[in-house]
Amino acid sequence: MVKKIKIAFADDSILQRTIIRAIVAQNNIFDLLYNCSNGQELVDQLEACTELPQVCIIDLHMPLMDGIETANRIREKFPSIKLFGYTSSIKDSEIEIFHKSGVQLIFNKTNFNIVLQEIHRFFTTNS
């Protein structure tokens, strides 16, 4: 049996959280450990968990703690977790700051299947 890539997701959109839950449930590559509504909730989950995800997919714009602050905190406290950004923003300045916060790649919110394919490719080529 192939080991699944364990992921955590943070997005304030209930629609996006529902989509990722449905897509992950239909595949055998990923295991969704945490599906959070904001960055603070994700950081709290990680601090309290017994099993860390390998990947966190983080929305840029969220209440309480945005994606940049979330990425900075996770990178500082949990450096083994790979971070990926997820946004509908097209502002180059925001994207640049998001990259500097430690995210490996930043994906547009147009097709979540592509996001998962690219993360799978990242793990198979960088393992």
Side-chain angles (χ1 to χ4, degrees):
M1 186 167 128
V2 176
K3 284 183 78 172
K4 292 184 176 184
I5 299 169
K6 296 176 184 339
I7 62 174
F9 184 70
D11 192 316
D12 58 317
S13 166
I14 192 163
L15 176 62
Q16 294 296 326
R17 293 192 314 273
T18 302
I19 289 170
I20 188 172
R21 187 179 310 113
I23 291 172
V24 169
Q26 295 176 9
N27 76 54
N28 61 354
I29 297 171
F30 296 96
D31 185 14
L32 181 62
L33 298 181
Y34 310 108
N35 198 0
C36 303
S37 62
N38 62 64
Q40 184 63 58
E41 182 183 346
L42 176 58
V43 171
D44 291 347
Q45 286 282 340
L46 295 175
E47 288 174 341
C49 76
T50 57
E51 181 177 22
L52 287 174
Q54 295 163 276
V55 172
C56 287
I57 304 167
I58 306 165
D59 182 23
L60 176 57
H61 297 288
M62 297 180 286
L64 299 178
M65 185 186 298
D66 68 12
I68 293 167
E69 180 64 23
T70 303
N72 282 323
R73 292 223 186 144
I74 293 171
R75 188 186 66 203
E76 183 179 295
K77 293 181 178 189
F78 308 100
S80 66
I81 297 174
K82 302 296 183 219
L83 305 175
F84 295 90
Y86 188 61
T87 186
S88 57
S89 177
I90 57 170
K91 293 181 182 176
D92 289 340
S93 59
E94 286 184 330
I95 302 298
E96 183 179 337
I97 293 168
F98 207 12
H99 267 297
K100 288 180 180 177
S101 70
V103 296
Q104 304 281 323
L105 299 168
I106 299 172
F107 300 102
N108 190 294
K109 287 187 175 186
T110 55
N111 185 333
F112 204 80
N113 281 312
I114 292 172
V115 174
L116 293 178
Q117 288 171 5
E118 290 299 316
I119 291 172
H120 181 251
R121 183 176 299 133
F122 177 89
F123 269 83
T124 55
T125 59
N126 292 301
S127 296

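The first residue in the sequence is number 1, and the count goes up from there. Reckoned from all heavy atoms, side chains included, excluding hydrogens, waters and symmetry mates.
Lys4 approaches Gln54 most closely through the heavy-atom pair O-OE1, 3.5 Å. Nearest heavy-atom pair, Cys36 versus Gln45, reported as atom, atom and distance to 0.1 Å: SG-CG, 3.9 Å. Scanning both residues, Phe98 and Tyr86, for their nearest heavy atoms gives CE2-N, 3.9 Å. Considering all non-hydrogen atoms of both residues, Val103 and Ala71 come closest at CG1-CB, 4.2 Å. Scanning both residues, Lys82 and Phe123, for their nearest heavy atoms gives CG-CZ, 4.0 Å.
Ring centroids of Phe9 and Phe30 are separated by 6.0 Å or more, keeping the two rings apart.
The side chain to side chain donor-acceptor pair (under 3.5 Å) test with Asp59 singles out one residue from Lys109, Arg17, Gln16, and that residue is Lys109.
Heavy atoms from other residues, nucleotides or ligands lying under 6.0 Å from CG of Asp92 number 12 at most.
Under the 4.5 Å side-chain heavy-atom criterion for grouping Ile, Leu, Val, Met, Phe, Trp and Tyr, Leu105 is not connected to Ile81 through any hydrophobic cluster. Connection of Phe112 to Ile114 is not established within any shared hydrophobic cluster, with ILVMFWY side chains joined at heavy-atom distances below 4.5 Å, either directly or through further cluster members. Using a 4.5 Å cut-off between side-chain heavy atoms of Ile, Leu, Val, Met, Phe, Trp and Tyr, with links allowed through other members, Ile7 and Phe78 fall into different hydrophobic clusters. Under the 4.5 Å side-chain heavy-atom criterion for Ile, Leu, Val, Met, Phe, Trp and Tyr, Leu42 and Ile106 are members of the same hydrophobic cluster. Under the 4.5 Å side-chain heavy-atom criterion for grouping Ile, Leu, Val, Met, Phe, Trp and Tyr, Leu33 is not connected to Phe84 through any hydrophobic cluster.
The distance from atom CG of Leu32 to atom CG of Asn27, rounded to the nearest 0.5 Å, is 10.0 Å. In this structure, Ile29 CD1 and Lys3 NZ are separated by 15.5 Å, a value rounded to the nearest 0.5 Å. Distance check: Thr125 OG1 to His120 NE2 gives 10.0 Å after rounding to the nearest 0.5 Å. Residue Ser13 holds its OG atom at 7.0 Å from CD1 of Ile19, rounded to the nearest 0.5 Å. Between the CD1 atom in Ile58 and the OG1 atom in Thr87 there is a gap of 12.0 Å [rounded to 0.5 Å]. Atom CG in Asn111 sits 7.0 Å away from atom CD1 in Ile23 (nearest 0.5 Å).
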- Could you please spell out the steps behind the side-chain contact (heavy atoms from CB on, under 4.5 Å) verdict for Ile20 and Val115? CA-CA 10 Å; Ile20 188 172; Val115 174; over 6 Å; no
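Between Tyr34 and Cys49 there is a side-chain heavy-atom pair separated by less than 4.5 Å. The shortest distance between side-chain heavy atoms of Glu76 and Asn72 does not fall below 4.5 Å. Two residues are said to be in side-chain contact when any heavy atoms from C-beta on lie closer than 4.5 Å; Val24 and Asn35 fail this criterion. Counting heavy atoms from C-beta outward, Leu46 and Pro53 have side chains that approach closer than 4.5 Å.
Using modelled atom types, one finds no donor on one side chain facing an acceptor on the other under 3.5 Å when comparing Gln117 with Asn113.
Listed by chain and residue number, nothing satisfies the side-chain hydrogen bond (donor to acceptor under 3.5 Å, both in side chains) test with Asn108 (two or more places apart in sequence, or in another chain). With sequence neighbours left out, Glu96 forms a side chain to side chain contact (heavy atoms under 4.5 Å, CB included) with Lys100.
Pairs engaging residues 60-71 under the side chain to side chain donor-acceptor pair (under 3.5 Å) rule: His61-Glu94, Glu69-Arg73 [sequence neighbours left out].
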